[in-house]
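We use all heavy atoms of the structure for the numbers below, so side chains are in, but hydrogens, waters and symmetry mates are not.
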Amino acid sequence: MKPSVSVMSEHVGPVRHLISKGLTVAVLLGAAACSPMRLLGPRQQLLTKVQLEGVKQADQERLEALYRQRPNDNFPLPKLATYNLGYTFYNPERLQQKLDTTRAEYTRRIAAAGTDSVAVGKLLQKREKRTQRLQAAIDKGNAIMRLGDPPVIYDEQLTRVTAEQMRIFLRSKGFFRSRVSATDTTDCPRGLFGGPGKQGRDTLGCRRVAVTYRVQEGQQFLISQLAYDIADSAVARIIKADSSQALLRVGQPYDEELIGRERGRLESMLKNRGYFDFRQQYISLEADTSFAPYSVRLLVMVENPPDEPGHRAYSVRNVTMITDAGVNRFGVQRDTVQRNGINYLAYDHRFSTRILDRKVAVRPGEQYSLSKSILTQRQLADLDVFRFQGVTYQKVPMPTDTTTGLLDALVSTSLLKKYQETSEIGGTVVAEKPGPFGNFRLRVRNAFGGAEILDLGLRAGLEGQYKATTTPPGSNARIPSVYTLQLGANATLTLPQFLVPWRANPLLTKYSPRTRFSLGYTYVDRPEYNRTTLESTYDYIWQRNAFHQYVLTPLNVSLVNTPKIDAAFRDVLLKQSNSGALLRSFDRLLIPSINASSLYNSNDFVQTLDAKYLRLYTELGAPGRQFYTAPGTRTTIGTQNQEQLETLVGNLLVLDYARAGADFRRYHKLTSRQYFTWRLNGGIAQALTPTELRNLQSGQVTSSLLIPYDKYFFAGGGSSVRAWRPRRLGVGSYPTYQYNNRGDIILDSRGIPLRDENIEQPGELLLEGSVEYRFPLFSYVRGAVFTDFGNVWTLQRDARRDTTGYTQGSARFSPKRFYREFAVGSGAGLRFDFTFLIVRLDFAVKVYDPTAVAQDRWALRNFAVFGNRNKPWLNTPALNVGIGYPF
């Protein structure tokens, strides 16, 4: 046997060497075959790099935005390599043949359908869809190619255009003596004497081009003098009186963009002062750079209209409003109702003229104002009862020698549908269980003739959830998942005015004031408890501007009842902080409160702008409860024990608390379809006074700082720290363990306590944040990479949860260590943008887990694609499915 082994060993080396060389050659050939250069035509070159040099004072980002050509992106996907990979499988001849066959097949089937118009219609729709898909594959490539981008073929003409655009931009910013040059460099093989090889610029090496734009700015010119030449003396007085608001100032750098904005400001100002016909074309500026080095003298000139002695100021003579424009009843005249000098015309007067009168800012006898016209349109649009609203003016014939004019204003509106129904059906997959849900909403516009909006809603849903039970030591059985049921109904009535016992100031109408009444009922059936909530609110809502809204709720009343609570869940709650305060928050509660919020959002609905978002919220629960509560006796929740409480209204416990929160978001628009966004969110909740409870059986008296369960803060889930399940992150660095039937902590196979991640973790302090980069992939699919961090903490001292177990963790917030207790998770996601709906899939993994033992806190060390019941410490990706963006 030994000789045979030695003979084999003599041949293994050469064989392996040959195989290795063969594999190397195959890889090199494959790489050569996959080179993007095969996508180029003769003498075409690939643009690989563009850089800008020499910019010191000018806006470099604005200059880079002028590039007419950019290299293929490599982040987050290597676009050119992806396109090249797809090109390997691209066969346009086969696709064209398939397209021709498809067309012929459908032509035959349509002919066979004969006169059956329904069948023919369906066949035509199917043919259109399939042929469009095939034609798109022929024109744009297969799916892999569309994930990438075709090679950017270098164009010298576009480089020259870019350099010229940069020169124009620099001159517009006051760099009148600037210069821009562009050079392109290639890496060509060298010949024997250092020149290009015999194949010239068409060789493989000469096909990669880098472009460098070099800028010589020179000194920026400053405005040294600002003068006005205005032909109309009345216009001159208005402009000079408003000079403190002028955007142009002596000492500023010359900036044509700022000059354009000043022209627009002057036009708007004069239109708001009665000059209906005034246009920017009457405003011109002369710049003189010969007065002194690097200085500009600006002359603002305002000319009169051609063949006119001056500009005419207009006043409004009549105002007419038609509330049903677009409706025609031949032979029937609209009825006219007059209020405060305004004529309201309609075939059927469905709206209270008292309400409409508050929304029309254009008034007869007043000076024409563009801003009042816009305000009228905005206030009518805010009513949400009109499909269209517009303000037009008709000039009243006047003698040609007059300096003033008259206008007749016409406010036209068309009605929206009185009834609008919305149905939504969907599903979730949570705890390995699919759960359907459905919502039905009905909006009734102008419900009682005063432009009121009545919203009615019903909702129902099933959602999977892991049961809050434990498994015996050493058992590999899964934690059972069960369904939770949620039912709800709500009704909301919105009035287009402040409902107050005194006469509201008419000046408030420009803030679109509204009063909202709402009533809602929610029933939740979970394995741990059954809970009902009945809530009523009374709100005042007003808009500071198009981006900023305020809501003041002087009265919010909730009735909470928990008719059933599981004994095991009750024991879990008793082990939480503050001597069972969490259990008390499930009690039969009356929760009166006052709250206010401010919301600023400069983004649009689909988040495509460079914008900011800030929401501030504050709430005061049951203020002065001692004045309307009384001592009483009742049964302790979940037991048969009797207890005495000092703050009852009937049989309902009243808890006082204060709560506040802030949510800031920033959306940076990097390109037309790429965004960098980040968010900081925080909140705090605290009981105002302690609540005393006396157990009548034991005589024990406890005093706890209690707040309702719904007023706690939670972290984790699709809109929070996405690597953790919803509401399961925290608390602090304190771990929640699993216990067996004897009350002992369950250990894993390593002898380390097994954490219970199925219990919600309420906290009194929330700090969290996220950063996310969003980018296009192809068609309607977007991608994202993100990192989240955050946690919740308690504020009350509790010896059981301040220092405990293997982690020496604490649930209580401490300024000295809270930053070490931030949980961190990262991941990537997909967004399917269907225009009317955005479906989001986020995959996230834990990076740092503050509640784990020391060896497991850096959770990436335990990363695994799939879980293992024998290794519960493995860090597997969490999937979050949601509608819309996370923030």
Side-chain angles (χ1 to χ4, degrees), residues 30-41 44-50 65 67-103 105-106 125-155 158 207-209 606-608 669-676 772-786 827-843 881 884-885:
C34 293
S35 170
M37 297 305 164
R38 68 193 178 108
L39 301 173
L40 305 181
Q44 286 184 336
Q45 295 174 291
L46 177 68
L47 181 65
T48 59
K49 184 178 181 181
V50 177
Y67 291 162
R68 301 298 296 270
Q69 281 191 308
R70 295 176 181 272
N72 293 100
D73 289 335
N74 289 317
F75 182 83
L77 291 175
K79 294 297 184 69
L80 180 56
T82 304
Y83 183 90
N84 191 31
L85 176 64
Y87 188 80
T88 305
F89 310 101
Y90 179 56
N91 190 329
E93 292 79 10
R94 183 183 300 173
L95 289 171
Q96 184 63 50
Q97 183 180 2
K98 188 174 182 180
L99 177 60
D100 295 338
T101 303
T102 301
R103 285 174 175 166
E105 172 66 18
Y106 274 97
Q125 289 181 353
K126 290 182 179 179
R127 183 184 69 178
E128 187 68 18
K129 288 182 180 179
R130 295 191 180 182
T131 55
Q132 282 184 354
R133 186 166 60 248
L134 289 170
Q135 191 63 51
I138 294 172
D139 297 338
K140 301 178 181 179
N142 54 39
I144 300 177
M145 293 170 67
R146 279 176 278 175
L147 275 174
D149 288 328
V152 178
I153 307 300
Y154 175 61
D155 188 332
L158 293 180
R207 295 200 164 198
R208 290 182 172 86
V209 178
V606 291
Q607 299 186 9
T608 60
K669 188 172 184 178
L670 305 179
T671 67
S672 60
R673 300 176 66 191
Q674 296 184 61
Y675 305 88
F676 177 76
E772 184 168 294
Y773 171 62
R774 300 169 183 171
F775 51 88
L777 288 176
F778 68 95
S779 185
Y780 58 87
V781 182
R782 314 281 188 265
V785 291
F786 57 83
L830 297 174
R831 287 90 169 92
F832 301 90
D833 188 352
F834 301 111
T835 305
F836 63 93
L837 179 69
I838 295 176
V839 178
R840 171 168 51 92
L841 301 178
D842 285 335
F843 296 88
V881 182
Y885 290 102

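The pair E772-R831 meets the salt-bridge criterion, with a side-chain N (NZ, NE, NH1 or NH2) lying under 4.0 Å from an Asp/Glu carboxylate O.
Surrounding OH of Y780 are at most 12 heavy atoms belonging to other residues, nucleotides or ligands under 6.0 Å away. Within 6.0 Å of CZ on R68 lie no more than 12 heavy atoms contributed by other residues, nucleotides or ligands.
Of the possible polar contacts, none joining the N72 side chain to the P78 backbone as a donor-acceptor pair under 3.5 Å is found. No side-chain donor-acceptor contact under 3.5 Å links Q69 to the backbone of L158. For the pair R208 (side chain) and L46 (backbone), a donor-acceptor distance under 3.5 Å is absent. A side-chain donor-acceptor contact under 3.5 Å links K669 to the backbone of T608. Without hydrogens or angle criteria, Y90 side chain to L85 main chain gives no donor-acceptor distance under 3.5 Å.
A donor-acceptor contact closer than 3.5 angstrom links the side chains of R130 and Y106. Between Q97 and E93, the side chains place no donor N or O within less than 3.5 Å of an acceptor N or O (distance only, hydrogens not considered).
Annotation: the span from L95 atom CG to L99 atom CG amounts to 8.5 Å, rounded to 0.5 Å. Going from atom OH of Y773 over to atom CG of L670 covers 6.5 Å, rounded to the nearest 0.5 Å. Taken to the nearest 0.5 Å, the NZ atom of K98 stands 13.0 Å off from the CD atom of E105. The NZ atom of K129 lies 6.5 Å from the CD atom of Q125; values are rounded to the nearest 0.5 Å. The CD atom of Q44 lies 7.5 Å from the CZ atom of R207; values are rounded to the nearest 0.5 Å. With values rounded to the nearest 0.5 angstrom, L40 atom CG is found 9.0 Å from Q45 atom CD.
Taking the side chain as every heavy atom from C-beta outward, L39 and P150 never approach each other to under 4.5 Å. Contact of the L777 side chain with the L830 side chain is registered, since non-hydrogen atoms from C-beta on lie closer than 4.5 Å. Two residues are said to be in side-chain contact when any heavy atoms from C-beta on lie closer than 4.5 Å; Y885 and R774 meet this criterion. Residues F832 and I838 form no side-chain contact, since every pair of their non-hydrogen atoms from C-beta on lies 4.5 Å or further apart.
With sequence neighbours left out, D100 forms a side-chain hydrogen bond (donor to acceptor under 3.5 Å, both in side chains) with Q96. R146 pairs by the salt bridge (Lys or Arg N to Asp or Glu O under 4.0 Å) definition with nothing, not counting sequence neighbours.
For residues 73-82, no residue pair satisfies the side chain to side chain donor-acceptor pair (under 3.5 Å) rule, not counting sequence neighbours.
Nearest heavy-atom pair across F843 and F786 is O-CZ, 3.6 Å. Nearest heavy atom pair, residue P776 against residue Q674, reads CD-CG, 3.8 Å.
Note on ring orientation: taking the six-membered ring where Trp is involved, the planes of Y87 and Y83 are parallel (angle under 30°, cut-offs 30° and 60°).
Of the options V50, V152, D149, a side-chain contact (heavy atoms from CB on, under 4.5 Å) to P71 is made by V50 and by none of the others.
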